[in-house]
Amino acid sequence: DVQQAVYVTAFDGASVSHVAVSPITPNRVFFGLSNGAVVRVDAANTGTAKTGVLMRAPDGNNVSCIAIDPANENHMLVTYSNYGVTSVFETVDGLTTSPVWTSVEGDLPDMPVRWALFDPRNSDWALLATELGVWSTNNLNPGGTTSWNPTNSGLANVRVDMLKMRSSDKT
């Protein structure tokens with residue numbers, strides 16, 4: 001993998017704040033770090049992989065989630081769980097040498113975002129677990145304004161830490 005731009009060793013002292021396993025490529029693992037970096041490690045099953053490809057530069061904010069589009073591994077969302085920061089980023093070229101990450105926070109209120117999930121019916125739709133419940137969009141719009149709506153039907157606006165979708169009925 002000589003073509004990859006930047007390698008990091010042992011995550012440069014940052015702690016791991018989130019782990020995502022590729023739904024497409026066996027033994028590929030993505031690590032979100034406490035310093036804001038996102039690192040991809042291939043051949044993670046060997047137990048000898050001590051380096052990874054830096055996909056997103058450190059920015060000092062804690063990565064809370066890495067969501068990988070189940071139909072396209074290049075398409076990802078990364079979230080941050082801090083106040084006063086841009087909390088949701090998207091890339092459509094995540095496996096390239098220099099992926100471009102664009103904010104898709106849009107009109108989301110300033111609050112920690114703890115989890116992201118692509119809707120398997122349409123990769124332009126996403127759900128977020130936040131400090132104020134679940135929010136969703138049916139149009140991820142990098143470079144434009146993504147419109148987020150509360151999606152708490154029957155629930156209070158309470159902290160949500162994680163989302164999971166049942167594959168059998170998309171619930």
Side-chain angles (χ1 to χ4, degrees), residues 1 3-8 11 16-33 35-45 49 52-59 61-82 85-108 112-130 134-149 151 160-171:
D1 236 359
Q3 296 173 323
Q4 297 298 332
V6 180
Y7 286 85
V8 291
F11 304 133
V16 174
S17 56
H18 184 79
V19 177
V21 176
S22 169
I24 298 170
T25 303
N27 307 311
R28 177 172 285 161
V29 180
F30 300 88
F31 294 92
L33 305 182
N35 65 4
V38 175
V39 177
R40 184 185 87 223
V41 175
D42 291 322
N45 63 317
V53 178
L54 183 64
M55 299 174 52
R56 179 160 166 76
D59 62 5
N61 297 306
N62 188 60
V63 173
S64 55
C65 183
I66 302 165
I68 305 161
D69 182 341
N72 177 3
E73 196 174 33
N74 273 296
H75 189 202
M76 296 179 223
L77 294 172
V78 171
T79 63
Y80 294 90
S81 59
N82 302 46
V85 301
T86 303
S87 299
V88 189
F89 287 90
E90 177 185 37
T91 185
V92 293
D93 62 355
L95 301 179
T96 64
T97 302
S98 299
V100 175
W101 294 88
T102 306
S103 171
V104 288
E105 185 163 319
D107 62 359
L108 195 66
V113 177
R114 295 192 170 81
W115 203 269
L117 178 71
F118 284 103
D119 189 311
R121 296 170 294 181
N122 185 329
S123 64
D124 202 32
W125 301 350
L127 297 162
L128 301 176
T130 75
V134 178
W135 290 66
S136 65
T137 185
N138 62 2
N139 185 18
L140 287 169
N141 190 8
T145 301
T146 299
S147 180
W148 295 95
N149 298 298
T151 310
V160 178
D161 291 326
M162 184 183 209
L163 297 169
K164 196 155 183 145
M165 188 169 293
R166 190 171 46 216
S167 59
S168 63
D169 62 359
K170 311 296 187 261
T171 300

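Because the structure is a prediction, the values reported are computed rather than measured. Any value given below was found using the heavy atoms of this structure, including those in side chains, with hydrogens, waters and symmetry copies removed. We count residues from 1, following the sequence as given.
Closest of all the heavy-atom pairs between Pro26 and Ile24 is CD-O, 3.5 Å. Of all non-hydrogen atoms in Leu77 and Glu90, the two that sit nearest each other are CD2-CB, 3.7 Å. Shown here for Gly36 and Asp59, the closest heavy-atom pair between the two residues is CA-OD1, 3.4 Å. Between Asp93 and Ser98, the closest heavy-atom pair is OD2-O, 4.2 Å. Here the closest non-hydrogen pair linking Thr91 and Pro99 is OG1-CB, 3.9 Å. The minimum heavy-atom distance linking Ser103 with Thr86 is given by the pair OG-CG2, 3.3 Å.
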Could you walk me through whether Met76 and Phe30 pass side chain to side chain contact (heavy atoms under 4.5 Å, CB included), step by step?
CA-CA 11 Å; Met76 296 179 223; Phe30 300 88; 3.7 Å; yes

Stepwise, does the side chain to side chain contact (heavy atoms under 4.5 Å, CB included) test hold for Asn62 with Asn82?
CA-CA 7 Å; Asn62 188 60; Asn82 302 46; 4.0 Å; yes

Phe89 and Val104: side chain to side chain contact (heavy atoms under 4.5 Å, CB included), yes or no, with the steps?
CA-CA 6 Å; Phe89 287 90; Val104 288; over 6 Å; no

Quick one: do Val88 and Leu108 satisfy side chain to side chain contact (heavy atoms under 4.5 Å, CB included)? Show the steps, please.
CA-CA 9 Å; Val88 189; Leu108 195 66; 4.1 Å; yes

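For the atom pair CH2 of Trp135 and OG1 of Thr130, the computed distance is 7.0 Å after rounding to the nearest 0.5 Å. Here the OG atom belonging to Ser136 is positioned 8.5 Å from the CG atom belonging to Leu128, to the nearest 0.5 angstrom. Between Leu140 atom CG and Asp124 atom CG the span is 5.5 Å, to the nearest 0.5 Å. Rounding to the nearest 0.5 Å gives a distance of 9.5 Å between CG of Asn35 and CG of Asn61.
Residues Asp42 and Arg28 form a side-chain contact, since some pair of their non-hydrogen atoms from C-beta on lies under 4.5 Å apart. Here the side chains of Asn138 and Asp119 are not in contact, with every heavy-atom distance at 4.5 Å or above. In this structure the side chain of Ile66 reaches within 4.5 angstrom of the side chain of Val38, judged on heavy atoms. At least one side-chain heavy atom of Leu127 sits less than 4.5 Å from a side-chain heavy atom of Met165. The side-chain heavy atoms of Val16 and Leu33, taken from C-beta on, include a pair separated by under 4.5 Å. Looking at Arg40 and Leu95, their side chains come closer than 4.5 Å, going by heavy atoms from C-beta outward. For the pair Val29/Asn27, no side-chain contact is recorded, criterion being any heavy-atom separation below 4.5 Å from C-beta on.
For the pair Thr102 (side chain) and Val100 (backbone), a donor-acceptor distance under 3.5 Å is absent. Counting only distance, with no hydrogens or angles, the side chain of Ser17 and the backbone of Gly32 share a donor-acceptor pair below 3.5 Å.
Counting only N and O atoms by type, the side chains of Glu73 and Thr25 include a donor and acceptor under 3.5 Å apart. Using modelled atom types and a 3.5 Å distance limit, the side chains of Asn139 and Thr137 yield no donor-acceptor pair. Thr79 and Ser64 share a donor-acceptor pair across their side chains, judged by distance under 3.5 Å alone.
The ring pair (Phe, Tyr, Trp, His ring centres under 6.0 Å) test with His18 singles out one residue from Tyr80, Phe31, Trp115, and that residue is Trp115.
Note on ring orientation: taking the six-membered ring where Trp is involved, the planes of Phe118 and His75 are tilted (angle from 30° to 60°).
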